[in-house]
Amino acid sequence: MAMCVEDGISSFPDHILFHILSFLPIKEAVRTSFISTKWRYLFASISTIKFDGYLMRGLTDRNVDSFKNFVDRLLKFPDQVSLDCFRLNDIVSWNDKDHNFDVSGWICAALCRGVKEIDLDLKNLGDTLPALLFTCHSLVTLKLDAVGSEIKVPSDVCLGNLKTLQLRNSVLFGDSIHRLISNCHVLEDLAFIECGFDNISEVNIQSPSLKRLVLEFDVTEGRYFNFVVVINAPNLVYFQYHAAVAKSYTLSTMKSLEKADISIYQFDSIDCETSATHLIQGICNVWSLSLTIDEVIFRTSRLPIFHNLIEFKYLGVGFNGRETWLVEFLHCVPNLKTLTLNFPSLGRCGNSMEGFTYESSFLFVISPQGD
């Protein structure tokens, strides 16, 4: 006699099944509707919705309307659970004029469902973002990759629960940075990666709640770096700055700073020595410092004592006169325990040095590396 065996997963409560489905690509989640009548509409209540270029494969003009209707129902169907994450990740397909997807409407639908995380990587993103995005109180994480387009920050921006903000490949104008950050009252993690600025005299970051800050500025034209960097983040724990030297720096005391990663290079139109020195002065409480420079652009005579610094990693293109500067710098770090010098190959000499360790007992370990 044939036995009817029910799978163990189907007996789980619905909220557990929703959680399981949230780990699947949306296309696979929909396919589970064929398992049984219980599974038929479960996918419509998943809390994580991620669309990428994978979904576009096999999509033709004949079924594109069906796909649009499916997404509309998935996002806008009444009585659905709140969303944990909504992600659109594809540089070309979603915003092209051939398909005419209602991306802005999809974003609004996710916001209306109380979404906590939005991650968008789209071409012409700046023209797609709805104003509602900047006044959504449910958002905790916002990641935008605008692929070179402008991010327009409305005057009434207010993201009261946002803790993580990441802007990549974006262009910002005027006082939009200060307006955006000053209205994120619990912000903890902020990153500007490969971003450019126009019509701006000051990058002003004021946030008492901020713990992690990453600044990687894109320099396509000299005018983008003719600005002042102002940072007032007294509770900052991690600071990364990869860019050309700005016009000047004003950094408040960072008493909680544990780790800093500084990679700067010289820009001809700016007094690099003075500006770069101000940058380093502002992080004097750091415990661990990684420094990459292309020239000796710090005035050691004006550097403070780094009482907390116990780990220092220096990356540069050989010594080339930097050994004097390095020795002078080491006089400013009385409690240093580990010094690591990393250099690329020095050309015809075939010499490179890696793993040069300085300990408080003045024990040096040098590990030469051949060609």
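From a predicted model like this one, the values you see are computed outputs, not experimental measurements. Just the heavy atoms: all of them, side chains too, but no hydrogens, waters or symmetry mates, feed the values below.
Going from atom CZ of F134 over to atom CG of L162 covers 10.5 Å, rounded to the nearest 0.5 Å. Residue L190 holds its CG atom at 9.5 Å from OG1 of T164, rounded to the nearest 0.5 Å.
Inter-residue side-chain proximity for K152 and L129 is flagged as unmet; no heavy-atom pair is nearer than 4.5 Å. Considering only heavy atoms from C-beta on, I118 comes within 4.5 Å of L111 through its side chain. Side-chain atoms of F239 and L215, non-hydrogen and from C-beta on, do get closer than 4.5 Å to each other. In this structure, N89 and K50 have side chains that are not in contact, with every pair of non-hydrogen atoms separated by 4.5 Å or more. Annotation: side chain of R302 is in contact with side chain of T274 (closest heavy-atom distance under 4.5 Å). Looking at heavy atoms from C-beta onward, I200 lies in side-chain contact with I177 at the 4.5 angstrom threshold. Side chains of Y249 and I231 form no contact here, defined as non-hydrogen atoms less than 4.5 Å apart. Looking at F192 and L172, their side chains come closer than 4.5 Å, going by heavy atoms from C-beta outward.
For R168 and E216, the salt-bridge test fails: no basic side-chain N is under 4.0 Å from an acidic carboxylate O. By the 4.0 Å N-to-carboxylate-O rule, R87 lies close enough to D119 to be salt-bridged with it.
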Take V103 and L120, measure what side-chain contact (heavy atoms from CB on, under 4.5 Å) needs, and give me the verdict at the end. CA-CA 10 Å; V103 175; L120 304 174; 5.9 Å; no

For I310 and T338, what are the C-alpha separation, side-chain angles and deciding distance, and is it a side-chain contact (heavy atoms from CB on, under 4.5 Å)? CA-CA 6 Å; I310 59 175; T338 302; over 6 Å; no

Apply side-chain contact (heavy atoms from CB on, under 4.5 Å) to L279 and Y241, showing your working. CA-CA 10 Å; L279 174 62; Y241 184 88; 4.1 Å; yes

Evaluate the criterion side-chain contact (heavy atoms from CB on, under 4.5 Å) for residue pair N183 and L159; output intermediate values, then yes/no. CA-CA 6 Å; N183 287 284; L159 296 167; over 6 Å; no

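A side chain to side chain contact (heavy atoms under 4.5 Å, CB included) with V157 is found for exactly one of L180, T135, L133, namely L180.
Side-chain contact annotation: N232 with Q206, donor-acceptor N/O pair under 3.5 Å present. No side-chain donor from either of T141 and E117 sits under 3.5 Å from a side-chain acceptor of the other.
Between the side chain of N335 and the backbone N or O of N308 there is no donor-acceptor pair closer than 3.5 Å. N161 places a side-chain N or O within 3.5 Å of a backbone atom of H137 that can act as its donor or acceptor partner. Without hydrogens or angle criteria, R179 side chain to V153 main chain gives a donor-acceptor distance under 3.5 Å. Not a single donor-acceptor pair under 3.5 Å links the side chain of S138 to the backbone N or O of K116. Although no hydrogens or angles enter the test, the distance criterion places a donor-acceptor pair under 3.5 Å between the side chain of S275 and the main chain of A246. A donor-acceptor pair is defined here as one N or O able to donate and one able to accept, closer than 3.5 Å; no such pair exists between the side chain of S209 and the backbone of E188.
Follow the hydrophobic side-chain contacts under 4.5 Å out from L257 and you never reach V230; the two are in separate clusters. Residues L132 and I49 fall within the same hydrophobic cluster, defined by Ile, Leu, Val, Met, Phe, Trp and Tyr side chains chained together at heavy-atom separations under 4.5 Å.
Contact between P234 and S252 at its shortest, heavy atoms only, is N-OG, 4.4 Å. When all heavy atoms of N285 and W287 are compared, the closest pair comes out as O-CD1, 3.5 Å.
Between F329 and F306, the ring planes are tilted. Angles from 30° to 60° get that label.
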